[in-house]
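Down below is the structure, laid out as structure tokens.
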Amino acid sequence: MNFDKFFALAKEAGISESQIQISKSSDLSVRLFRKEIDNYSVNDSQSIIACGIYKGRFGSARTEKLGKDTFDYLVKEIIRSASFVEAEGAKELFKGSEKYHKKNTYNKELPLIPVSEKIALLHRMEEKALAMDPRVYEVSECEYSETESESQFYNSHGLKLKQKNNYFVVVLGVGVKDGEGAKSGFQVKVDSDLKSFDADAFVKKAVDEAIAKIGGVQCASGVYPTVLHRDVFGSLLGFFLGAVSSDEVQRQSSFLIGQLGKKIASSKLTIEEKPLTKNVFFSYFDDEGVATQNKYVVKNGVLQTYFYNLETARKEGRESTGNGRWAGSKIGIGFSNVFVKPGKSTFGELIAPIKEGVYITDVAGLGTGINPRSGDFSCQAQGFMIRDGKLAEPLNLITLSGNLLKMLKDLKGFDNEAELKYTSLSCADAFIKGMSIGGK
Amino acid sequence: MISKSLALKVLNAALATGGDYAEIYLEQTDTDAITLENGKVDTCGGRLSYGAGIRILKKFASVYGYTSDLSPKSLLGLAEKLAGAFEGERVITVTSFKKQRVKTVNKYASHYSEVPTEKRIALLKECFEATHAVDPRLVRITDTFLSNQKKIEIFNAEGEIGKWFQTGEERARLVMMAVAAGADGSIQSAFKGPARSGDFSYFTDVLDYKKAAREVGEKAIKLLSAKECPSGIYPVVITNGWGGVLFHEACGHPLEASATAKGLSIFSNCIGKQIASPIVSAYDDGTIANEWGSNDMDTEGIPTKKNQLIKNGICVGYMVDRLNGRRLGMEPNGVSRRQSYKYEPTSRMSNTYIAAGKDDPEQIIKDTKLGIYVADFGGGSVEPMTGDFNFSASEAYVIRDGKIAEMLKGCTLIGNGRDVLMNIDRVGNDLALGNGMCGAASGSIPVDVGQPTIRLSKITVGGRGGKLE
């Protein structure tokens, strides 16, 4: 598409500066159920997001309908949008960063591996899961998908940025039964290097996880020393990172208001955002064309920065941190590739000092069970009792409640089992001094 | 959106390798969203979603693909690629289409495209004023009006004569949110989101939006002084309307054919068996005129229906889509839904509710000595395979000696779908519906949940407030 034509059309209509982003993606997915391919899917999609400054106000529009009227639609919608906006938003678009750290993260080999090999992988996983333990009665999900995406960014200041990316996702869900009541285990892997994917270990993890849950009971309600599995701690940390948004802080909606440079957590907590890490979550520019940068968010418990986009940075007389991300019809705040510094001990050493405590392996319902503004949460959980420094009976249908900031203050340390998950967040298992558990 | 002759070519290309059903689902959705932040327009923007999904079924297997390019080259290319997933000889050649009559469930006096942006903003400003007047401790108030207009066209074929459907959907939602800040630095928030498959006049003429806006502000303020919810096992009385999210999560999802057909649900093979207390009957009804979860037809072209799921405690039906109906040997009953053309359809809920019982709701509370009353929810989730579910209460109170006492915050209810319906010991006579969004395999879709006031004799409650005394 000739984007100069869009810029000219926008200018002619009174849009002083404009920006256009085009995203294209294609994907393939195959799902196996009881040895048969029960779903196969191939998709192609494209979409355009455009924005501009009209009479000093910011306006935006999006479309998936690409044709001869596309630019007219976008220009008309940007003007309508900007005409009604009353908020003091972005007054100008970005002219460009001094330096961009472009890297090639596209794996050329992935699309060359024949689909038949990818299907064979699914068969192997399904067979392996069923053969691993007689209590495995069903492989409920066994799916491979692969996505290739390309994004292009242009603005009327002549800024041109492009990125191409590909990755695969493997999902496995197993059901196990021993007498009454089923339990499930679930694993997801996102990467671009299929050759180094260890399917056997992946299957074993899902099966082990499900088997360990058999016979779960409720413990007595109370406050226990609590170890949170890295996935659970990661989920909770995702909400903490949401509160690091300067937009939420400026709108009086974050529990981190006024905390910049202050000690907000245990000195065991160090968090870095490293969008420039070369992996499938890599991105070297944000949705405003600002170069992304690696940075400390929390260092030894002290809050180092909020995440800024151009507009929120301008309000505080700062520079954008490269965290501008589309949120509906405006640029909000986003982040990727977050790494929490792990500890040195093994999992066994982490739980060894706990006389009576709980180890939480799964949570559910956090999406509605958390108040992201206050950091208070209460959700469904399962896991294990810890007795005399060792894992004991499985726990099911219990609740985990707390407050994010209090939890981070009560953090006693991590083990060394850090893992980067599909949420683009890497952390290890965390030991919290005390958390409220609801049960009997 | 495409010509009949192109549709014919695409379906025949899709059926070339022995598929026994093929479908082209075309959709164009115009979405508009306006958000006020503390009374000022913060964002206002449109989005045009456009594309087609092609699906081929062969016995129990399905292939699906979508594209936002509706040119003959793109659609035929996609159909050929999808057909390539099957091996076999053609069994169906489609020769023509018969236009299908679609019955009207939702009626509209006007379209959203005809409602000027100024009118929507004026409504939002009135909502803001009503919330703002509640208390100076409300530090952030956002009001959003979301609307969308969907044009849908389906061509499908199971034999020589294909079917051709044209229909539309229009929906809107008013989302109000307030954040309150306490003197001690605490922050609480409250939310309300009345919604409708109907025209704009519902929001201006029928809905008491000022009352709803005031309630949002009042709730956020009340939460500032709410006590932490206790934890343990207690009797719980659940409000009517949106309280039905309990049934939606705990029992609705496990009764969808997408879960029951593969034997992956706690309610697989349960037709004719008792799964609930005998005072419980429940329905999924996509035909309630202009309700948020209602549609004229489902996204496979089957008319929506009122489906009974539970009759006096006995499971009498599932929500069945075409593909899972084949596994179950059951007829599809108009419940196949999807967020957009980017999702393959499957069985989903529409307006799902527990039917009214005989009890006076006030009497149910009077008869509860010590327990918890849940007046509003944030939402919840379930794992259909195990039946374990959770839902979080956004407004709850202690019931002490038959009276509603102090307000609680941070309250989660958890349980298993197998037990919870059995533990319903009172059903009120005050059935009402509430509007929400439901997320599952075929995307996020609008649904109503509903119930009269009910009491659970016991359920696990989780919070940070210690024991209830």
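Residue numbering restarts at 1 for every chain, and letters A, B, ... go by the order of the sequence lines.
- You'll find the side chain of Phe33(A) reaches within 4.5 Å of the side chain of Lys262(B), heavy atoms only.
- Of the listed residues (Gln188(B), Glu228(B), Glu249(B)), the one with the most heavy-atom contacts under 4.5 Å to chain A is Gln188(B).
- Of the listed residues (Gly378(B), Ser49(B), Gly410(B)), the greatest number of heavy-atom pairs within a distance under 4.5 Å of chain A belongs to Ser49(B).
- With respect to Glu248(A) and Arg140(B), a salt bridge is recorded, a charged nitrogen being found less than 4.0 Å from a carboxylate O.
- Between Asp388(B) and Lys213(A), no side-chain nitrogen of the basic residue sits less than 4.0 Å from a carboxylate oxygen of the acidic one, so the salt-bridge criterion is not met.
- Using a 4.5 Å heavy-atom threshold, the side chains of Gln218(A) and Ile233(B) count as touching.
- The local environment of NZ in Lys227(B) is sparse, with at most 12 non-hydrogen atoms from other residues, nucleotides or ligands closer than 6.0 Å.
- Chain A forms the most heavy-atom pairs under 4.5 Å with one residue out of Glu37(B), Lys81(B), Lys58(B), Arg55(B), and that residue is Glu37(B).
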* Is there a side-chain contact (heavy atoms from CB on, under 4.5 Å) between Asn38(B) and Gln252(A) once you walk through the steps? -> CA-CA 11 Å; Asn38(B) 289 331; Gln252(A) 307 283 308; over 6 Å; no
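- Closest approach of Thr386(B) to Lys183(A), counting heavy atoms only: CG2-CA, 3.8 Å.
- Taking CG of Leu264(B) as the start and OG of Ser184(A) as the end, the distance is 10.5 Å to the nearest 0.5 Å.
- Looking only at heavy-atom pairs under 4.5 Å with chain A, the residue among Tyr64(B), Phe60(B), Tyr66(B) that has the most is Tyr66(B).
- Interface remark: Glu118(B) contributes backbone and side-chain atoms alike to the contact with chain A (heavy atom separation under 4.5 Å).
- The shortest side-chain heavy-atom distance between Asp362(A) and Glu383(B) does not fall under the 4.5 Å cut-off.
- Among Gly380(B), Ser394(B), Gly65(B), the residue making the largest number of heavy-atom pairs under 4.5 Å with chain A is Gly65(B).
- Judged purely by atom type and a 3.5 angstrom limit, Ser81(A) uses its side chain to pair as donor or acceptor with the backbone of Cys44(B).
- With a threshold of 4.5 angstrom between heavy atoms, Ile437(A) approaches chain B through N, CA, C or O but not through any side-chain atom.
- Rounded to the nearest 0.5 Å, atoms CZ (Arg62(A)) and CG (Leu48(B)) are 12.5 Å apart.
- In this structure the side chain of Ile187(B) never reaches within 4.5 angstrom of the side chain of Ser253(A), judged on heavy atoms.
- Only the backbone of Phe389(B) comes within contact range of chain A, judged by heavy atoms closer than 4.5 Å.
- When each of Ser329(A), Gly367(A), Ser83(A), Gly59(A) is scored by its heavy-atom pairs under 4.5 Å with chain B, the top score falls to Ser329(A).
- Your options are Val382(B), Asp42(B), Val139(B), Thr460(B), and the one with the most heavy-atom pairs under 4.5 Å with chain A is Asp42(B).
- Contact of Tyr234(B) with chain A is not made at all, since no heavy-atom distance falls under 4.5 Å.
- For the residue pair Asn39(A) and Ser62(B), the shortest heavy atom distance occurs at ND2-OG, 2.8 Å.
- Heavy-atom pairs under 4.5 Å with chain B were tallied for Gly173(A), Pro372(A), Ser401(A), Ala87(A); the largest tally goes to Ser401(A).
- Between Ile34(B) and Phe84(A) there is no side-chain heavy-atom pair separated by less than 4.5 Å.
- Among the candidates Thr399(A), Asn403(A), Asp376(A), the single residue satisfying the side-chain hydrogen bond (donor to acceptor under 3.5 Å, both in side chains) test with Arg464(B) is Asp376(A).
- Contact detail for Gly46(B) and Tyr73(A): the closest heavy-atom pair is C-OH, 4.0 Å.
- Heavy atoms of Glu77(A) lying under 4.5 Å from chain B belong exclusively to its side chain.
- With a 4.5 Å cut-off on non-hydrogen atoms, Ile121(B) touches chain A through its side chain but not through its backbone.
- The line from CG of Leu70(B) to NZ of Lys65(A) is 8.5 Å long, rounded to the nearest 0.5 Å.
- In this structure, Thr368(A) contributes its side chain and Ser392(B) its backbone to no donor-acceptor pair below 3.5 Å.
- Highest contact tally toward chain B, considering only Asn396(A), Thr63(A), Asp38(A), is held by Asp38(A) [criterion: heavy-atom pairs under 4.5 Å].
- In terms of heavy-atom pairs under 4.5 Å with chain B, the best-connected choice from Ala364(A), Ser60(A), Gly222(A) is Ala364(A).
- For Leu400(A), no part lies near chain B; criterion is any non-hydrogen pair under 4.5 Å.
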* To do: Could you walk me through whether Asp69(B) and Leu66(A) pass side-chain contact (heavy atoms from CB on, under 4.5 Å), step by step?
  => CA-CA 8 Å; Asp69(B) 177 358; Leu66(A) 271 55; over 6 Å; no
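- Heavy atoms from other residues, nucleotides or ligands lying under 6.0 Å from NZ of Lys315(A) number more than 12.
- Between Met385(B) and Ser140(A), some side-chain heavy-atom pair lies under the 4.5 Å cut-off.
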* Asked: Do Glu36(A) and Lys59(B) pass the salt bridge (Lys or Arg N to Asp or Glu O under 4.0 Å) test, and can you show the C-alpha distance, the side-chain angles, and the key distance before you say yes or no?
  -> CA-CA 11 Å; Glu36(A) 308 245 351; Lys59(B) 211 180 161 202; over 6 Å; no
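- Residues Asn43(A) and Lys342(B) fail the side-chain proximity criterion, which asks for heavy atoms closer than 4.5 Å.
- In this structure, the separation between CG on Asp44(A) and OG1 on Thr67(B) is 5.5 Å, given to the nearest 0.5 Å.
- Residue contact with chain A, scored on non-hydrogen atoms closer than 4.5 Å, is absent for Arg120(B).
- Residues Arg57(A) and Val41(B) are not in side-chain contact: their nearest non-hydrogen atoms beyond the backbone lie 4.5 Å or more apart.
- Between atom CZ of residue Arg373(A) and atom CE of residue Met177(B) there is a gap of 4.0 Å, rounded to the nearest 0.5 Å.
- When Ala61(A), Ser436(A), Gly67(A) are compared by the number of non-hydrogen pairs under 4.5 Å with chain B, Ser436(A) comes out ahead.
- Both the backbone and the side chain of Thr43(B) come within contact range of chain A, with heavy atoms under 4.5 Å apart.
- Among Gly438(A), Ser378(A), Ala381(A), the residue making the largest number of heavy-atom pairs under 4.5 Å with chain B is Ser378(A).
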